[in-house]
Every structure is written in C-alpha cells, then in structure tokens.
S.K.: 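Below you will find the structure I want to go over with you.
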There are 2 protein chains.
Amino acid sequence: MAADDTRTAILSAAERLYAARGFADVTMRDIVAAADVNLAAVNYHFGSKDELIAELFVTRSLATNRERLNELKAAEEHGGGRSHIDAILAALVGPTLRGCLGPDKQRSDAARFMIRASIESIPPIRKIKNREVDHLKRFAAAMRRALPDHDAVDIDWTLHFALAMAHQTIRDGERLTKMSDGRCDLNDVQAIIDRIVGISVQALTGRAKARA
Amino acid sequence: MAADDTRTAILSAAERLYAARGFADVTMRDIVAAADVNLAAVNYHFGSKDELIAELFVTRSLATNRERLNELKAAEEHGGGRSHIDAILAALVGPTLRGCLGPDKQRSDAARFMIRASIESIPPIRKIKNREVDHLKRFAAAMRRALPDHDAVDIDWTLHFALAMAHQTIRDGERLTKMSDGRCDLNDVQAIIDRIVGISVQALTGRAKARA
DNA sequence: GATAGTTTCATACAAGCGTTTGAAAAGCAA
DNA sequence: TTGCTTTTCAAACGCTTGTATGAAACTATC
C-alpha cells in the first residue's frame with residue numbers, strides 16, 4: 001500500500017470512529033483495525049495518538065470555518081456588502097446542523113467529529129481551540145455591521161445562544177424527541193435552522209420573523 | 001474511621017474531582033488520595049467505580065430535580081395554580097445556573113457534577129438518564145397550562161432551547177468571555193437567567209419581555 | 001539486478017487502569 | 001477478656017493502553 005493511502009485510511013477511520021463513539025471509547029487498536037493497517041502505522045505516520053487527533057482537528061476545523069465563511073461571503077455579496085442578520089446566523093449554524101442532522105447522504109463524519117471535539121475537551125485539542133474565537137469574532141463583526149444600532153453585548157450573547165441551540169440540538173436531539181413523544185422533527189434540518197435563526201433575530205430586534 | 005465517614009468522604013471527593021476535571025481524567029487513585037482513604041475502600045463500599053458514579057448521579061439528579069420542582073411549585077402557588085411562563089422557565093434553568101456560575105459561596109460541586117454527567121456520556125449514567133425525560137415533561141406540561149393556546153411542539157422546542165442556552169453558557173462561558181473581550185458578564189447570574197427566560201418567552205409569545 | 005531508502009509487520013515493552021486478596025485493625029456484644 | 005463481624009490496609013493481579021523495536025517487504029534509482 002502506498003504511504004499516502006495508509007495515512008488517509010487512518011485519518012478517515014479515526015474520524016469516523018471518533019465521530020460515532022467519542023474519544024474515550026476509541027483505542028488505537030480500534031482505529032488500525034477499521035483502517036486495515038498495522039498498529040505501528042499510526043506512530044510511524046503521525047508520531048503519536050495526540051498528533052493524529054490534532055491533525056484531524058486542524059484539518060476539519062479549517063474546513064468547517066471555510067464553509068461557514070463561504071456562506072457568509074455569499075450572503076454579503078447578495079446583500080451588497082451588508083448582509084441581513086438572518087443570512088449571517090444561518091451561515092453560522094447551517095453547515096454544522098446540516099452535516100450532523102441532515103439525510104444520510106449529506107451527513108458528514110467531519111461535522112460530527114467537530115461536535116465531539118467541542119464536547120470532550122482533550123489535551124491535544126484544547127491547545128488549538130483559541131483559534132475558533134477569532135473565527136467567531138468575524139461573525140460578531142458581521143452582525144454588528146448588519147445591525148449598527150444594536151448593543152455589541154447583545155450581539156455577542158445572541159451569537160453565543162444561537163450556537164448553543166444548534167449545538168445542543170445535535171448533541172441531545174434524542175432527548176428532545178423522547179420528551180416531545182416524537183412531535184419535534186429532527187429530519188427537517190432547514191426548519192430547525194429557520195427556528196434557531198428566527199429566535200435569535202427576534203431576540204435582537206424584538207420582532208418576530210415570518211416562519212419560512 | 002467510621003464506615004459512613006469513609007463512604008461520604010469518597011462520595012464528596014469523587015464529586016468534587018469529577019466536577020472539576022471530568023470523568024476521563026479522574027482515576028480511583030485520584031479519588032482515594034483526595035478522600036484520604038485506602039484504594040480498596042471504593043470497591044468495598046460501592047462495589048465498583050461505575051456503581052460509585054451511578055450512586056452519585058442518582059443522588060444529585062434527585063436533588064436537582066427536587067430543587068427545580070420546589071421553585072415550580074412556589075411559582076404555581078404564587079400564581080394561584082397557574083404560573084406565569086417566566087416563572088416556569090426560571091425554575092427550570094435557575095438552579096443549575098446559580099449552582100455553576102454564581103459567586104463561590106453558593107457554587108455547588110453537585111451542579112457542576114451534573115453538567116459533567118450530561119456532557120460526558122458514560123455507560124453507568126446513560127442507563128439512568130431516561131428518568132430526566134419524565135422530569136422535563138412535567139415542565140412542558142406546566143408551560144402548556146400557562147399558555148393553553150400555544151402549539152405543544154413550539155413549547156417543547158422552547159424548553160429544549162432554554163436548557164441549551166443555560167447549558168452551553170455553563171459549559172463554554174469562557175469562550176463567550178474571550179469572544180466578547182470580557183464584555184459579557186458571567187458573574188451576574190440573575191441577569192443571565194433573565195436573558196435566557198426573556199428570549200424563550202419572546203420565542204413563544206412574540207413579544208419582548210421587559211428587561212429586569 | 002544490486003543497492004539504498006521507505007514502509008509494513010509481528011511482537012514486545014512499560015505504565016496505568018480497576019479490581020482482588022488475605023491479613024491486620026477496629027468495633028462491639030456477651 | 002473472648003469471640004465474631006465490620007472495616008481498613010498494603011500488595012499484587014490481570015488487563016488494556018500507547019509506544020518502541022528490529023526484521024521483513026516493498027519501491028525506486030542507478
């Protein structure tokens with residue numbers, strides 16, 4: 001097997017297993033079995049388990065951020081340089097929600113891996129996380145441009161809460177389903193995005209947004 | 001040392017360490033060192049590590065639920081059998097927020113332990129968690145009584161989102177502080193409760209609630 | 001096709017984990 | 001005190017973890 005094949009086989013197997021079962025439950029032996037490579041291959045290609053996780057996290061977090069910023073940019077171009085607050089918030093929570101809750105076809109291990117990474121704070125990831133703050137600041141800035149009359153503190157809280165709602169829906173959607181006896185539909189991702197965006201916009205502007 | 005002293009020393013040391021560092025990072029040797037008891041004492045008194053965690057979780061979850069229901073009951077008595085939606089939501093998110101974010105004096109390891117338990121899903125806890133759904137259903141029912149004209153689905157989503165906002169604020173308040181360059185104040189717990197309750201009520205009624 | 005450099009492989013290692021053991025210590029009823 | 005139960009203790013057990021080793025297999029260059 002070529003060297004790069006082994007590398008990518010390890011990366012994608014690790015990503016898939018971590019996304020599905022979390023970091024604590026997945027051992028290197030699980031990963032190499034799923035990737036069908038030798039146990040020593042991980043240390044040979046990545047140096048250590050932590051460096052494997054770190055490489056995965058850096059790669060996927062750049063990809064997620066790029067996806068969000070693309071949506072943000074598209075929204076800004078469409079709105080002539082100043083996007084509507086709805087579009088900004090949708091760009092923030094949309095990619096991850098679609099990647100984690102959407103139909104199987106578009107579900108990505110990458111998105112679910114990132115959720116795991118944000119939940120189970122482990123040393124190799126904790127060090128890199130500060131970068132995400134800068135990324136969120138760009139969204140906060142866009143929101144301030146869209147709503148120049150609003151208090152920056154309210155905008156920060158709203159951004160924080162929007163992420164919270166998206167995050168918890170991914171993380172514990174099962175509880176919501178049970179609690180509502182199945183009435184809350186987790187399959188209609190766009191409706192969830194609209195709901196979260198609607199509540200967030202309403203929190204800022206005090207006006208209800210027409211439901212899509 | 002009397003038998004019960006050893007038991008409670010183990011329980012409170014375990015709770016404190018788990019609350020501070022999470023389940024993955026705390027070993028039995030850490031716990032017995034903090035409790036100043038012998039390593040074998042945990043297995044003697046609780047049977048296994050998992051049973052120790054389970055006992056902690058059951059005890060603390062009953063206490064948390066009792067605290068919430070007390071607040072709910074007080075709200076219902078004050079409102080003559082039908083409480084205001086604000087009071088219901090405050091009873092839901094208040095106890096945990098105060099226990100995790102309040103001034104040191106009233107901060108409780110119990111509340112932060114429960115947050116850990118809800119984040120790091122581990123086998124001994126996963127089995128018991130279904131009970132929480134029934135607990136939340138009582139709050140959903142109270143909300144339906146307070147707002148009889150509202151769609152039950154909207155109420156379930158709102159309850160879910162209120163918990164999400166509270167939970168994430170506890171879990172990742174540090175990121176919010178960094179992102180807002182310290183402008184978002186995590187020390188004023190009552191203001192946070194008001195903010196979460198306000199957004200939730202507004203999401204249901206479409207009207208902004210006067211800020212306290 | 002010989003040689004040098006990569007990459008794979010089976011196997012072993014040290015360290016840490018939760019748990020068990022059997023004897024010593026403490027508590028207590030008669 | 002005597003005898004019995006409960007509780008503590010130091011030590012060790014078996015197992016799993018991430019990592020290291022050195023030989024074998026492969027690849028590519030001359």
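In what follows, chains are A, B, ... by sequence order, proteins preceding strands, each numbered from 1.
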S.K.: Side chains of B:Glu15 and B:Ser12: any donor to acceptor distance under 3.5 Å?
M.R.: no
S.K.: Quick one: does any side-chain atom of B:Arg116 pair with a main-chain N or O of B:Ala20 as donor and acceptor, under 3.5 Å?
M.R.: yes
S.K.: Could you state the atom-to-atom distance from CD1 of B:Ile31 to P of C:dT19 in whole Å?
M.R.: 11 Å
S.K.: Whole angstrom is fine here: how far is it from OH in B:Tyr44 over to P in C:dA25?
M.R.: 17 Å
S.K.: Under a 4.0 Å heavy-atom cut-off, which of residues 11-19 of chain A touch DNA chain D?
M.R.: none
S.K.: Would you find a donor on one side and an acceptor on the other, under 3.5 Å apart, between the side chain of B:Glu120 and the backbone of B:Phe23?
M.R.: yes
S.K.: Applying the side chain to side chain contact (heavy atoms under 4.5 Å, CB included) test to A:Tyr18, which of A:Asp25, A:Asp30, A:Ile53 qualifies?
M.R.: A:Ile53
S.K.: Would you mind classifying the nucleic acid contact of A:Ala40 as base, sugar-phosphate or nothing, using non-hydrogen atoms under 4.0 angstrom?
M.R.: base
S.K.: Whole angstrom is fine here: how far is it from CZ in B:Arg7 over to P in D:dT7?
M.R.: 10 Å
S.K.: In whole angstrom, what separates B:Ile10's CD1 from D:dT8's C1'?
M.R.: 11 Å
S.K.: Whole angstroms only, please: what is the CZ-C1' distance between B:Phe46 and D:dT7?
M.R.: 14 Å
S.K.: Taking B:Gln168 for the side chain and A:His160 for the main chain, is one N or O donor matched with an acceptor at less than 3.5 Å?
M.R.: no
S.K.: Quick one: does any side-chain atom of B:Arg68 pair with a main-chain N or O of B:Leu92 as donor and acceptor, under 3.5 Å?
M.R.: yes
S.K.: Name every residue in residues 22-30 of chain B that has at least one heavy atom under 4.0 Å from any atom of DNA chain C, in order of residue number, or write none if there are no such residues.
M.R.: B:Thr27, B:Met28, B:Arg29
S.K.: Check whether A:Thr96 reaches the backbone of A:Val93 with its side chain - one donor and one acceptor, N or O, closer than 3.5 Å.
M.R.: no
S.K.: Please name all residues satisfying ring pair (Phe, Tyr, Trp, His ring centres under 6.0 Å) with B:Phe57, sequence neighbours left out, ordered by chain then number.
M.R.: none
S.K.: D:dC9 C1' sits how many Å from B:Asp36 CG, rounded?
M.R.: 13 Å
S.K.: In whole angstroms, how far is the P atom of D:dA12 from the CG atom of B:Leu39?
M.R.: 14 Å
S.K.: Rounded to whole angstrom units, what separation is found between the CG atom of B:Asn43 and the P atom of C:dC17?
M.R.: 14 Å
S.K.: List the steps, then state whether salt bridge (charged side-chain N to carboxylate O under 4.0 Å, His left out) holds for A:Arg7 with A:Glu55.
M.R.: CA-CA 11 Å; A:Arg7 263 187 74 92; A:Glu55 171 155 343; 2.4 Å; yes
S.K.: Please compare A:Val42 and B:Ala41 by the position of their nearest nucleotide in DNA chain D and report the one closer to 5'.
M.R.: B:Ala41
S.K.: Give a yes/no on whether any side-chain N or O of B:Asn38 is located under 4.0 angstrom from OP1 or OP2 of D:dT7.
M.R.: no
S.K.: Distance check: side-chain N/O of B:His45 vs OP1/OP2 of D:dT6, anything under 4.0 Å?
M.R.: no
S.K.: A:Thr6 side chain N/O closer than 4.0 Å to the phosphate oxygens (OP1, OP2) of C:dT7?
M.R.: no
